[in-house]
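Below: one structure, written as C-alpha cells.
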Amino acid sequence: MTDATMDTTPEAGGGNGATAPPVPAASPALLKRLRDVLGVDGVIADPGSLLVYETDGLTAHRARPLLVLLPRDTAETATAVRLLTDEGIPFVARGAGTGLSGGALAVTGAAVISAARLRQVLELDAPNRRARVQAGVVNVELSAAAAPHGLYYAPDPSSQTVCTIGGNVAENAGGPHCLKYGVTTNHILGLTVVLSDGSIVRLGGGSGEDTGLDLTGLFVGSEGTFGIATEIDVRLLPLPEAVQTLAALFDDVDDASRAVSAIIGAGLLPAALEMVDQEAIRAIEASAYAAGLPTDIAAALVIEFDGSAAAVAADAEHAAELCRAGGARDVQRAADEAGRQRLWYARKKAFGAMGRLAPDVLVQDATVPRSRLPAVLREIYSIAARYELRMCNMFHAGDGNLHPTIVFDRRDAALVVRVQAASREMMRACVAAGGTITGEHGVGSDKREYMSMIFSDDEMAAMCDIRRVFDPLGLANPAKILPIHVCREWVGPATKRAGPA
Amino acid sequence: VTATIASATFLSELQRVAGAGAVRSRTEADALASWAVAGVVPAALVEPADAAGVAAVLALCSDAGVPVEAAGGGTWLAAGAVPPAPPVVVSTRRLRTVLEYEPADLVAGIQAGVTHADLARELAAHGQMLPLDPPARDGATVGATFALAAAGPLRAGYGTPRDMILGVEIVTGDGRLFQFGGRVVKNVAGYDIVRLATGSRGSLGIITALYVLLRSAPAVDSTLTIAAGPSAAAAAAVALAIRDRTECDALELLAPALATELGGEAAAGGWLVAVRVRGSEAAVADVTDRLVALQPTTRALPHAAAAALWRGLSSLEAGASVALRLGDAPAALGGTLETALGLVAAGSVAAGAGGAGAAGDAAVGGGAGGWRIAAHAASGIVRLWRPPGTADIDDAAWAAALDGAGADHMRRGGSLHWAVLPPGLAGLRRDPGPADAAAAALMQGIARTFDPAGIMAPGRRGYGP
C-alpha cells in the first residue's frame with residue numbers, strides 16, 4: 001500500500017482526485033422498505049453505529065457508509081440490493097472487514113451489505129469432500145465444522161480466526177499454506193451470486209464437470225465489483241495424518257532466502273515456507289505471542305510438511321539438512337502440537353505485534369519470482385534504510401509473496417511522505433523483478449494507481465468491459481480496482497478503441 | 001460469408017497479414033482435410049509465425065465477419081458441434097518457443113504451440129514436469145490443453161489446468177493482444193482473466209502464450225493394480241475406499257474389456273483399479289503398505305507394463321470414433337457407471353436382438369469391437385470410448401437413451417461432455433449448456449466484449465451463440 005496513508009473520505013471520491021457522483025440519501029421510505037425485508041436489526045443507519053464500518057484492516061483509509069444492511073440469506077440480499085440500486089445507491093459487500101486494501105470501504109458513500117448474519121454452513125457433503133456455506137461463515141469455523149469428518153478447508157489467511165469465506169472469495173485470499181495447496185480460487189467449486197439488478201445467478205457448482213466459461217474463477221478475486229457472493233461451494237481436503245514444523249534460524253537474511261530456493265529446488269514441497277526477519281521476531285517476542293525465538297538472529301524460516309508420517313519425517317529431515325548446509329545456526333523442531341501452534345501464532349500474529357510499535361502500520365503485498373527473492377529483499381532493506389524507516393518482513397517466502405511492513409505515525413507529515421516514496425520504490429523494484437503488485441490482499445482502493453505498472457490501458461479497459469457485463473450501472477463496489485482514468489474511458493460516451501459496441 | 005472467404009481478395013489479405021507460406025486455402029484440399037472441424041473442411045488454414053500475426057489475422061477476420069476456429073496441433077477439432085459455415089482454422093503450432101524457464105521458480109513461460117512432448121523433454125532435463133496427462137496425440141500442444149482445460153488421470157493428484165495456469169497472452173476475437181496474470185505463483189491484481197481464458201475453447205480469442213506452474217518430478221513412480229471383480233458397483237466401492245485411505249496421483253477404474261486390454265492378467269477378467277503413486281521413496285512405500293492392507297490383491301505393475309497402461313489409457317481418445325464423459329459427485333460413481341453401461345447397451349445394435357442388459361454386459365466384458373469404459377474415480381468422471389467403426393451403433397436407440405437416462409443424469413446435477421462425436425452421429429448431441437440460463441447470458445456477454453463480431457467458434461461454444 002502506499003499513497004493511501006491519507007484519509008479516504010467520500011468527498012474525495014476515493015483519494016483519486018475523481019469526483020464521484022453524489023450518492024442519493026436514504027429516504028425514510030427506503031429505510032422502511034429495507035426494515036420490512038431485513039428486520040429492524042438488519043438495517044443500521046445511525047451515525048454512531050456506522051463508525052465501525054468506516055475502515056477495514058487497512059486503517060489509513062476511512063469512509064463512512066450511507067447505511068449498513070445485514071441480510072440473512074440470498075433472497076434477502078437480492079431484495080436489499082434491488083431496493084438500493086432502484087434508487088441509484090451503490091453497495092459494497094463486506095465480510096469481517098479484515099481486508100488490507102480498503103476493498104470493503106464505502107468510498108463513494110455507498111451502502112454496506114454485511115455478511116455478519118450469513119453464518120450458516122448450509123451443507124457438508126463429507127463423502128464428496130465439499131460444503132456449501134453462507135458468505136459470512138468464518139474461515140476457521142468452516143474447518144471446525146469439517147473436522148469431525150476428517151476434513152478441513154485449506155486456505156488459511158492470517159486473519160482466519162475472524163475473516164469470512166465470502167471475504168476470502170472477494171479477495172482470492174491466500175495464506176501460508178498456499179504453497180502446497182493453492183489459493184482460495186483453487187478451492188471454490190461454485191457460487192451463488194447477487195448482481196446489482198437484484199438477480200440471483202448460480203455459477204459453476206455442479207456435481208459433475210462444469211460447462212462453458214469459468215465464471216466461478218472469474219468472480220473469485222473480483223473484490224465485490226461484480227456483485228455479492230452469498231453462498232459458496234468449497235472443496236474440503238482430508239486432514240493430514242502428520243504434520244512437522246521446523247524453525248530454521250539464520251544469521252544472514254541472504255542465506256535464509258537462498259535456503260528457500262534450495263528446499264524447493266531439491267524437489268520438496270512444504271505445506272508452508274515462511275520467513276520472519278529480526279525486526280518481526282523482536283516484535284513478536286515482546287508480545288503476548290512470544291514463541292521463544294532468539295532475538296539476535298537475522299531471520300527464521302518456518303517450514304512445515306504434512307502428509308503421511310513416514311513421508312513427513314523424511315522430508316523434514318531433508319529440509320533441515322539443506323538449511324544447515326545453507327548456513328542455518330540452528331534448526332528447531334516443534335516437539336508437539338503446542339509448540340507448532342506457538343510458531344504459527346508467532347507468524348500469524350506478527351502483523352498485530354507490529355501494531356504495538358507505532359500507531360500506523362503499512363503492509364505491502366508484492367509477489368516476485370522465488371529465484372529473485374535474495375536480490376529483491378536486499379533492495380527492499382536498502383530502500384527502507386535510505387528513507388530511515390522502521391520496517392519488518394514476515395512473508396510467504398515459498399510463494400515469493402513479500403509483505404514489507406512499515407510502522408509509522410501518520411501525524412508526522414514528513415514521515416508519511418517518506419513512507420509513500422519508499423512504498424512506491426519497493427513496488428517498482430518488485431515489478432521490475434518480474435513480480436506483481438498484489439499477491440493476496442487485493443487492489444481495492446489502495447493499489448488502483450499501481451495497476452498501470454503491470455497492465456496497459458487497453459487491458460484495463462477490457463476488464464472494465466467484463467465488469468459492465470455483470471454490473472452495467474457500475475453500482476457494485478464502485479471506485480475499486482481499476483484506475484479512474486480507465487473507468488472514465490469506460491463510462492465515456494465513445495471510445496476510439498475497437499471494443500464492444 | 002462463404003463467398004467472402006473464397007474470394008481472392010480476402011485470401012491475399014490473409015496472406016499479407018499472416019506472412020508468406022502461412023496460409024493454405026481450398027486449392028490444397030488434401031492439406032486441409034486433416035483439419036476438418038467436426039467434419040467440416042475449413043475454408044483455409046492459417047499458421048502465423050508470432051502473436052502479432054495471430055492478432056492481425058483475427059482483426060482481419062473480425063472485420064470481414066469470417067468465422068475462426070482456434071487450433072494447436074489440430075488434435076481436438078473433431079470434437080464439438082458442427083460449425084454453421086466452414087471456418088478459417090488458425091493454428092498456433094508455429095509458436096513453439098519456450099520463452100522463459102527458471103527451474104528454481106518451478107515456472108515456465110511458453111508459446112502456445114509448444115508440444116507436450118517438447119516441453120516434457122526440456123523440463124525432464126531439470127527434474128521437473130507439468131503434471132498434466134490429457135488425452136494424447138502426437139503434436140498435441142500445451143496451449144490447446146489449457147484452452148480446453150483438458151486433464152487426465154493425474155487430475156487426482158494435481159488438479160486440472162485451472163490449478164496450474166499463472167498467466168496468459170491472448171489475442172481477442174477482434175485482434176487485440178493482451179497479457180493477464182504473470183509468472184508469479186500468487187497474483188490478485190485485476191480480474192482473473194487467466195482462469196476465464198482457461199477452458200474457454202477458443203470462444204474468446206486465441207491463447208498465444210502461457211505461464212504454467214511446474215512440479216518436481218517424483219523420485220519414485222509406482223503403479224499398483226487391484227482386481228476389483230465383476231460388479232461395477234463393487235468396483236466403484238473399492239476405488240472409493242482407496243481414495244478415502246490414501247493419497248495418490250491417479251486413481252483409475254477400468255471396465256473389464258479395457259482392463260484386460262491394458263492390464264492383462266492383473267484384471268483377472270473383471271474390473272481393475274489402477275493406482276499411480278509417486279513421490280519420495282518413503283511416501284510411496286507408505287501408500288503401498290496401506291493399499292496392501294486394504295486390498296490384499298494389490299500388486300505392483302512392472303515399470304514397462306505400467307508405462308504401457310498409462311500410455312494406452314491416454315491414447316484411447318484420439319483413436320476413438322465416439323468419446324464422451326459423464327461426470328457426477330465421486331461418491332455417486334457406482335450410479336454414474338450404471339448410467340454409462342446403460343447408454344452403451346442402449347446404443348448397441350445388439351440391444352435389439354439380445355436385450356439391453358445382455359448387450360451392455362457383452363460390451364463391458366470385452367465383446368469384439370466393444371466400448372471401452374474407464375473412470376477418474378477420485379473425480380467421479382466416467383469416460384466412454386468407441387473404437388473406429390460405428391456401424392453397430394443404433395442412432396435412434398441411443399438418442400432415446402440419451403433423452404432418458406442421460407437427461408436423468410443431468411437433472412441429478414451430473415454432466416455430459418462429448419469429446420469425439422463423428423458428423424454422422426451429430427444428431428445424438430445433447431448439449432446441456434450451463435445449468436443456469438442467467439450464467440449462460442453472462443458468458444455470452446463476456447464473449448461479446450472479447451469478440452464483438454462473434455467470429456470465434458460460432459455454434460460451438462457450449463454456452464450459446
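The sequence lines fix the lettering, A, B, ..., with proteins before strands; numbering per chain opens at 1.
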Pairwise side-chain contact, [X] with [Y], heavy-atom cut-off 4.5 Å (strictly under):
| X | Y | value |
| --- | --- | --- |
| B:Met443 | A:Leu218 | no |
| A:Phe455 | B:Phe178 | no |
| A:Pro369 | B:Glu102 | no |
| A:Thr185 | B:Asp163 | no |
| A:Thr211 | B:His417 | yes |

Just give me the residue among [options] that pairs up with chain A most often, heavy atom to heavy atom, under 4.5 Å.
| options | result |
| --- | --- |
| B:Ala282, B:Gly445, B:Ala329 | B:Ala329 |
| B:Asp451, B:Val284, B:Leu442, B:Thr198 | B:Leu442 |
| B:Ser216, B:Gly414, B:Ala453, B:Ala437 | B:Ser216 |
| B:Gly413, B:Ala217, B:Ala283, B:Gly182 | B:Gly413 |
| B:Arg243, B:His409, B:Gln444, B:Gln179 | B:Arg243 |

**Prompt:** Taking the six-membered ring for Trp, are A:Phe226 and B:Tyr191 ring centroids under 6.0 Å apart?
**Reply:**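 Under 6.0 Å, so yes.
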For the atom pair [atom1] ([X]) and [atom2] ([Y]), what is the distance rounded to the nearest 0.5 Å?
| X | Y | atom1 | atom2 | answer |
| --- | --- | --- | --- | --- |
| A:Leu213 | B:Arg461 | CG | CZ | 8.5 Å |
| A:Ile200 | B:Asp436 | CD1 | CG | 10.0 Å |
| B:Leu177 | A:Asp458 | CG | CG | 10.5 Å |
| A:Phe219 | B:Asp192 | CZ | CG | 13.0 Å |

Heavy-atom pairs under 4.5 Å with chain B are the metric here; pick the option from [options] that has the most.
| options | answer |
| --- | --- |
| A:Gly205, A:Ser222, A:Gly221, A:Ala314 | A:Ser222 |
| A:Ser207, A:Ser308, A:Gly208 | A:Ser207 |
| A:Val368, A:Val201, A:Asn128, A:Thr216 | A:Asn128 |
| A:Val312, A:Ile454, A:Thr225, A:Val220 | A:Thr225 |

Per-residue contact mode, [X] against chain A (heavy atom under 4.5 angstrom):
| X | value |
| --- | --- |
| B:Glu281 | neither |
| B:Thr160 | neither |
| B:Phe180 | both |
| B:Leu240 | neither |
| B:Ile446 | both |
| B:Asp286 | side chain |
| B:Pro330 | both |

Pair [X] + [Y], salt bridge at N-O below 4.0 Å:
| X | Y | answer |
| --- | --- | --- |
| B:Arg290 | A:Glu241 | yes |
| A:Arg129 | B:Asp244 | yes |
| A:Asp214 | B:Arg162 | yes |

**Asked** Under the salt bridge (Lys or Arg N to Asp or Glu O under 4.0 Å) rule, what pairs show up with a residue in residues 179-199 of chain A, not counting sequence neighbours?
**Response**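 Qualifying pairs, neighbours excluded: A:Lys180-A:Asp306.
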Given a strict heavy-atom distance threshold of 4.5 Å, which part of [X] is in contact with chain B: side chain, backbone, both, or neither?
| X | value |
| --- | --- |
| A:Asn186 | both |
| A:Ile264 | both |
| A:Ala310 | both |
| A:Ala126 | neither |
| A:Asp125 | neither |
| A:Pro127 | both |
| A:His441 | backbone |
| A:Glu171 | backbone |

**Message:** Quick check on side-chain hydrogen bond (donor to acceptor under 3.5 Å, both in side chains): which of A:Thr367, A:Thr436, A:Thr438 does B:Asn187 satisfy it with?
**Reply:**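 Testing B:Asn187 for a side-chain hydrogen bond (donor to acceptor under 3.5 Å, both in side chains) against A:Thr367, A:Thr436, A:Thr438 leaves exactly one candidate, A:Thr436.
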**Prompt:** What residues form a side-chain hydrogen bond (donor to acceptor under 3.5 Å, both in side chains) with B:Arg325, not counting sequence neighbours?
**Reply:**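 Result, side-chain hydrogen bond (donor to acceptor under 3.5 Å, both in side chains) vs B:Arg325: A:Glu209.
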**Message:** As a quick check of understanding, evaluate side chain to side chain contact (heavy atoms under 4.5 Å, CB included) for B:Leu106 and A:Arg370, giving each step before the final call.
**Reply:** CA-CA 9 Å; B:Leu106 284 170; A:Arg370 189 167 34 229; 3.7 Å; yes
**Item:** Step-by-step side chain to side chain contact (heavy atoms under 4.5 Å, CB included) determination, A:Val183 to B:Lys186
**Value:** CA-CA 8 Å; A:Val183 295; B:Lys186 280 168 80 181; 3.9 Å; yes
**Request:** Walk me through it: do A:Met463 and B:Thr449 pass the test side chain to side chain contact (heavy atoms under 4.5 Å, CB included)?
**Result:** CA-CA 9 Å; A:Met463 292 187 196; B:Thr449 74; over 6 Å; no
**Request:** Specify the closest pair of heavy atoms between A:Gly435 and B:Val184, including all atoms of both residues, with the distance to one decimal.
**Result:**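 That closest heavy-atom pairing would be CA-CG1, 3.9 Å.
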**Request:** Kindly check if the number of other-residue, nucleotide or ligand heavy atoms within 6.0 Å of CD (B:Glu247) is above 12?
**Result:**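 Result for CD/B:Glu247: open.
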**Asked** Heavy-atom count around B:Arg201 CZ within 6.0 Å, excluding the residue itself: above 12?
**Response**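 Open.
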**Message:** Apply side chain to side chain contact (heavy atoms under 4.5 Å, CB included) to residues A:Leu179 and B:Val185 and explain how you reach the verdict.
**Reply:** CA-CA 9 Å; A:Leu179 177 59; B:Val185 296; over 6 Å; no
**Prompt:** Hey, does the side chain of B:Asp105 reach the backbone of A:Ser371 with a donor-acceptor pair shorter than 3.5 angstrom?
**Reply:**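 Yes; at least one donor-acceptor contact below 3.5 Å.
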